[in-house]
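Since the structure comes first, as structure tokens, the remarks are kept for the end.
Both backbone and side-chain heavy atoms feed into the values below; hydrogens, waters and symmetry mates do not.
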Amino acid sequence: MTSLMAVGTSNSIDGLFGLERWDLGGGGRSLNAAACPLSLKWVAGRNVDEKACLKLAGDETAIVPISAAELDRVTMNVDPLEPRKWNRELNFLPKPLSALDLVSSSQGSNVRVAYQGVPGAFSEDAALKAYPMCETVPCEQCEVAFKAVELWVVDKAVLPIENSLGGSIHRNHDLLLCHRLHIVGEVQLAVNHCLMAMPGVRKEEIKRVLSHPHALAQCEFKLAKLGVIRQNVDDTAGAAQFVASNNLKDAGAIASARAAELYGLNIIEENMQDFSHNITRFLILAREPIIPGTDRPYKTSVVFSLDEGPGVLFKALAVFSLRDISLLKIESRPQRKRPLRVVDGLNHGTAKYFDYLFYVDFEASMAEPRAQNALSHLQEFATFLRVLGSYPRDLSDC
């Protein structure tokens with residue numbers, strides 16, 4: 001059996017959720033380099049039912065179930081993130097992270113940045129715009145990218161939050177609240193959707209087009225003229241990869257020009273989007289917040305909830321107006337854990353309302369007293385308030 005040192009801040013053995021670091025025996029890696037006052041030694045193996053588990057050394061009753069894949073990684077010291085060089089051959093492209101891959105720490109001095117999709121995705125373009133010399137790490141889902149940062153697999157994540165044509169990406173708003181990461185920057189990227197296909201395939205031969213649902217929606221007019229079947233996939237570059245790897249002669253993909261180059265496809269038409277100015281805003285997420293300054297334009301993102309009542313939202317927004325703080329965005333989302341509220345009715349029994357969370361971006365740094373005073377004022381009547389980040393605005397050309 002392989003030993004595994006679990007380091008945490010409490011002596012609870014009900015699970016590994018309270019542990020802040022795992023040290024794998026035999027040259028393994030730690031998930032968190034922070035020192036903790038308590039060390040517990042665990043042993044990886046199988047219980048009487050042949051199920052993978054961790055046992056506390058010296059106490060056979062202390063058992064924590066783990067997956068078989070995790071057991072293999074501990075006992076075999078498998079590194080799920082072995083670096084790979086990019087190559088035009090598909091087999092040499094890095095495989096996107098899955099939830100099972102989140103068992104390694106960031107290595108080396110280069111910044112490792114997670115994004116959703118496969119190489120060639122627009123999210124990767126945004127990561128490279130923010131950090132030109134970074135090592136990009138593809139992830140299967142946005143939530144995997146969040147967890148990759150939390151578990152020290154990567155240093156940062158770059159994820160889309162809104163598009164000038166398609167609007168807000170609600171799932172990522174929800175993930176911001178589910179995880180404890182901090183917004184440390186933003187990237188605005190001009191998106192040029194290209195129609196691509198295998199070499200030699202003409203536009204009139206394409207019967208179906210694959211891409212991410214948002215990309216297909218942004219190219220509604222031209223796809224309607226083509227009269228093709230639209231097929232949803234997880235991301236734009238994944239569509240190009242699928243067409244290339246399966247040598248599809250009747251299908252095209254909507255993706256970036258770089259994806260066409262990576263996967264050996266011909267670009268049949270550029271600027272497939274309905275409107276030429278197609279901008280996607282991405283957030284840069286990290287484990288620790290940056291120290292806000294006043295040397296450049298800053299943006300602060302907060303989320304809060306309010307009690308039901310006349311004029312409550314007006315009063316909440318007035319705390320910014322009273323201090324000459326411009327609001328850049330406001331987004332409302334129903335609370336998932338408590339979506340309905342029952343209040344006393346007058347002569348009609350009870351009424352039900354949605355409980356909402358309000359996501360607000362405002363133009364000020366948390367280093368400014370006016371921003372601090374505004375949030376202090378808001379906190380007097382908000383039932384919940386959280387600062388998601390205070391960070392420099394992206395004022396560069398898209």
Side-chain angles (χ1 to χ4, degrees), residues 126 130 158-190 275 277-286 289-336 353-398:
V158 173
L159 297 169
I161 197 66
E162 63 179 339
N163 175 264
S164 59
L165 301 184
S168 295
I169 300 172
H170 296 137
R171 175 60 178 160
N172 286 347
H173 278 92
D174 295 339
L175 289 173
L176 284 172
L177 200 59
C178 294
H179 297 267
R180 298 297 299 182
L181 298 183
H182 302 269
I183 305 173
V184 297
E186 65 175 0
V187 183
Q188 296 190 108
L189 184 74
F275 300 94
H277 296 292
N278 183 20
I279 309 299
T280 297
R281 187 167 74 96
F282 295 80
L283 298 180
I284 305 172
L285 304 171
I290 62 171
I291 298 175
T294 56
D295 56 328
R296 67 186 80 174
Y298 268 73
K299 175 186 293 187
T300 299
S301 298
V302 299
V303 57
F304 59 88
S305 60
L306 302 166
D307 273 327
E308 186 69 28
V312 175
L313 181 58
F314 170 79
K315 288 190 287 186
L317 300 182
V319 305
F320 303 104
S321 177
L322 289 171
R323 295 165 178 87
D324 294 324
I325 297 176
S326 298
L327 296 184
L328 300 172
K329 178 184 178 181
I330 181 168
E331 180 86 15
S332 62
R333 295 284 293 152
Q335 291 198 51
R336 292 195 170 190
Y353 301 93
F354 278 94
D355 250 350
Y356 283 97
L357 291 166
F358 297 95
Y359 292 81
V360 169
D361 293 347
F362 61 85
E363 193 174 18
S365 166
M366 283 304 297
E368 300 178 62
R370 60 176 183 153
Q372 299 169 15
N373 293 336
L375 294 189
S376 179
H377 190 178
L378 177 60
Q379 198 167 21
E380 292 178 7
F381 48 87
T383 57
F384 167 78
L385 173 62
R386 177 176 157 192
V387 178
L388 299 172
S390 188
Y391 48 93
R393 296 186 62 185
D394 180 13
L395 301 176
S396 63
D397 294 333
C398 295

- Query: What about F320 and F362, are their ring centers closer than 6.0 Å?
  - Reply: yes
- Message: Pairing donors with acceptors under 3.5 angstrom, does anything connect the side chains of S301 and Y391?
- Response: yes
- Report the relative orientation of the aromatic rings in F358 and Y356; use parallel for angles under 30°, tilted for 30 to 60°, perpendicular for over 60°. tilted
- Item | Flag if over 12 foreign heavy atoms under 6.0 Å of CG, L395 | yes
- Steps toward side chain to side chain donor-acceptor pair (under 3.5 Å) verdict (T383, S305): CA-CA 6 Å; T383 57; S305 60; 2.6 Å; yes
- Would you mind reporting whether L181 and L388 have side-chain heavy atoms less than 4.5 Å apart? no
- Between atom NE2 of H182 and atom OG of S390, what is the distance when rounded to the nearest 0.5 Å? 12.5 Å
- Message: How close do S365 and G293 get, counting heavy atoms only, and between which atoms?
- Response: OG-O, 2.7 Å
- Query: Is the closest side-chain heavy-atom distance between I161 and I169 below 4.5 Å?
  - Reply: no
- Look at the side chain of N278 and the backbone N and O of S164, then say whether any donor-acceptor pair between them is shorter than 3.5 Å. no
- Task: Measure the NZ-CG distance between K299 and L328 for me, rounded to the nearest 0.5 Å.
- Result: 5.5 Å
- Task: Measure the CD-CG distance between E308 and L313 for me, rounded to the nearest 0.5 Å.
- Result: 10.5 Å
- Of the options L159, I183, N172, which is the one that meets L283 in a side chain to side chain contact (heavy atoms under 4.5 Å, CB included)? I183
- Which heavy atom in A364 sits nearest to a heavy atom in R370, and how many Å separate them? CB-NH2, 4.0 Å
